[in-house]
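In what follows, a single structure is set out as structure tokens and then discussed.
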Amino acid sequence: MKSERSREPLWREEFSIFQADERYVSRRQLTKFLTLTSLAMFAGNFWILVKSWIRAGVSYPVRTVAQAEEIPVGGVKLFEYPGPQDQCILLRPSENSYVAYSQKCTHLSCAVFYSAQNRRLECPCHQGYFSIEDGSVLQGPPTRPLPKVILERRGAELVAIRVQESPEGR
Amino acid sequence: MRQPNSTPTRRLTAIDGAMALIVLLLIVQMWLLSATLDAYLAGHTEVVLPGALISGACFLGCGALYLFVVRLETA
Ligand code: FES
């Protein structure tokens with residue numbers, strides 16, 4: 001049977017006149033499609049793995065982003081870190097505290113702004129609110145916290161040393 | 001030649017069973033992909049490797065079931 005089949009042209013096999021064979025072909029083709037979809041899912045997971053390896057090897061630049069006294073209490077300063085496309089926001093919520101976060105909302109990438117009145121970072125697009133303590137989500141559609149820029153005070157300068165994607169211990 | 005006990009209906013049932021398993025594995029993979037992506041974007045990179053390994057195992061399972069379907073057809 002098999003040898004007879006293998007001598008037949010492909011079109012005769014794919015467009016069989018027998019109903020049972022026709023069912024086989026359609027099921028086989030669907031199974032093939034599902035298996036290829038499975039391969040695509042695996043490729044997606046593998047791509048994330050490669051991206052995480054690449055990210056693990058990235059070293060952040062150490063860069064002065066502001067002078068401590070140039071920001072008033074309750075004020076903000078925008079800066080780019082680590083790359084020129086990565087907009088960040090630096091806040092001075094109280095006399096001796098400075099915090100900085102990525103300005104890109106983790107929902108759909110709108111720019112967040114500081115609401116001094118509510119003491120939180122707010123996204124105007126879909127009312128996503130973030131804590132200024134650790135960048136965690138207070139309300140709204142975002143599910144992930146804002147990446148935090150780790151700062152170090154060196155004399156009068158505020159120096160960015162790296163980006164922390166998730167708050168410690170989460 | 002076709003096996004006497006391997007009627008088309010029984011083989012179709014076997015193929016349907018294999019397809020159901022593949023769909024199940026695919027659902028697991030879809031969930032894995034979205035969960036891994038979410039964790040990765042949140043900075044939890046420790047789940048990325050297990051996610052990729054499990055997804056690879058699911059794909060191998062799908063591939064084995066596909067071969068089973070092809071072999072069943074030509075048996
Ligand atoms: S983009 Fe910020 S809440 Fe939707």
Side-chain angles (χ1 to χ4, degrees), chain A residues 1-6 13 16 18-56 102 104 106-107 109 135-137 142-148 163-170, chain B residues 1-3 7-9 11-16 18-75:
Chain A
M1 184 78 180
K2 195 183 173 190
S3 54
E4 277 170 32
R5 275 284 186 86
S6 57
E13 198 180 321
S16 174
F18 300 110
Q19 202 180 28
D21 284 355
E22 159 71 29
R23 286 202 201 114
Y24 278 132
V25 171
S26 56
R27 277 169 170 77
R28 191 222 308 137
Q29 282 175 340
L30 179 60
T31 313
K32 189 181 189 178
F33 171 75
L34 293 176
T35 308
L36 288 175
T37 312
S38 166
L39 176 63
M41 297 285 154
F42 171 57
N45 265 90
F46 188 71
W47 174 239
I48 297 172
L49 180 65
V50 171
K51 289 269 283 181
S52 87
W53 281 339
I54 292 171
R55 193 160 80 174
S102 162
K104 213 194 266 181
T106 53
H107 180 223
S109 301
S136 57
V137 180
T143 53
R144 288 173 280 112
L146 286 175
K148 186 175 188 175
V163 177
Q164 181 186 295
E165 297 288 341
S166 64
E168 304 284 5
R170 297 221 180 163
Chain B
M1 289 299 267
R2 286 184 178 168
Q3 310 286 307
T7 60
T9 322
R11 288 198 300 171
L12 276 179
T13 311
I15 290 176
D16 286 346
M19 273 170 49
L21 280 176
I22 290 179
V23 168
L24 215 70
L25 288 172
L26 257 182
I27 292 170
V28 171
Q29 272 189 305
M30 282 179 199
W31 175 80
L32 253 180
L33 182 61
S34 64
T36 313
L37 183 64
D38 202 43
Y40 166 73
L41 290 174
H44 300 289
T45 45
E46 65 279 2
V47 300
V48 170
L49 182 61
L53 289 179
I54 297 170
S55 184
C58 288
F59 166 62
L60 288 181
C62 286
L65 286 165
Y66 173 64
L67 286 182
F68 168 73
V69 167
V70 171
R71 294 234 174 97
L72 212 61
E73 190 186 351
T74 54

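So you know, we letter chains A, B, ... as the sequences are listed, proteins then strands, and number each from 1.
- There is no contact between L36(A) and chain B, counting heavy-atom distances below 4.5 Å.
- A cation-pi arrangement is found for R55(A) relative to Y40(B), the charged atom lying closer than 6.0 Å to the ring centre and inside a 45° cone about the ring normal.
- When heavy atoms are compared at a cutoff of 4.5 Å, I15(B) approaches chain A solely by way of its side chain, counted from C-beta outward.
- Of the listed residues L33(B), L49(B), I54(B), L53(B), the one with more heavy-atom pairs under 4.5 angstrom with chain A than any other is L33(B).
- Residue contact with chain A, scored on non-hydrogen atoms closer than 4.5 Å, involves the backbone and the side chain of L37(B) alike.
- Contact check for V137(A) versus T143(A): no side-chain heavy atoms found under the 4.5 Å cut-off.
- When L60(B), T45(B), D38(B) are compared by the number of non-hydrogen pairs under 4.5 Å with chain A, D38(B) comes out ahead.
- Looking at T106(A), neither its backbone nor its side chain comes within 4.5 Å of chain B, counting heavy atoms on both sides.
- L65(B) has its side chain out of reach of V69(B): every pair of non-hydrogen atoms, C-beta onward, lies at least 4.5 Å apart.
- Looking at heavy atoms from C-beta onward, F59(B) lies out of side-chain contact with L25(B) at the 4.5 angstrom threshold.
- With a threshold of 4.5 angstrom between heavy atoms, L26(B) approaches chain A through side-chain atoms but not through N, CA, C or O.
- The aromatic rings of F46(A) and W53(A) sit perpendicular to each other, their planes meeting at more than 60°, with 30° as the lower class boundary.
- In this structure the side chain of K148(A) never reaches within 4.5 angstrom of the side chain of V163(A), judged on heavy atoms.
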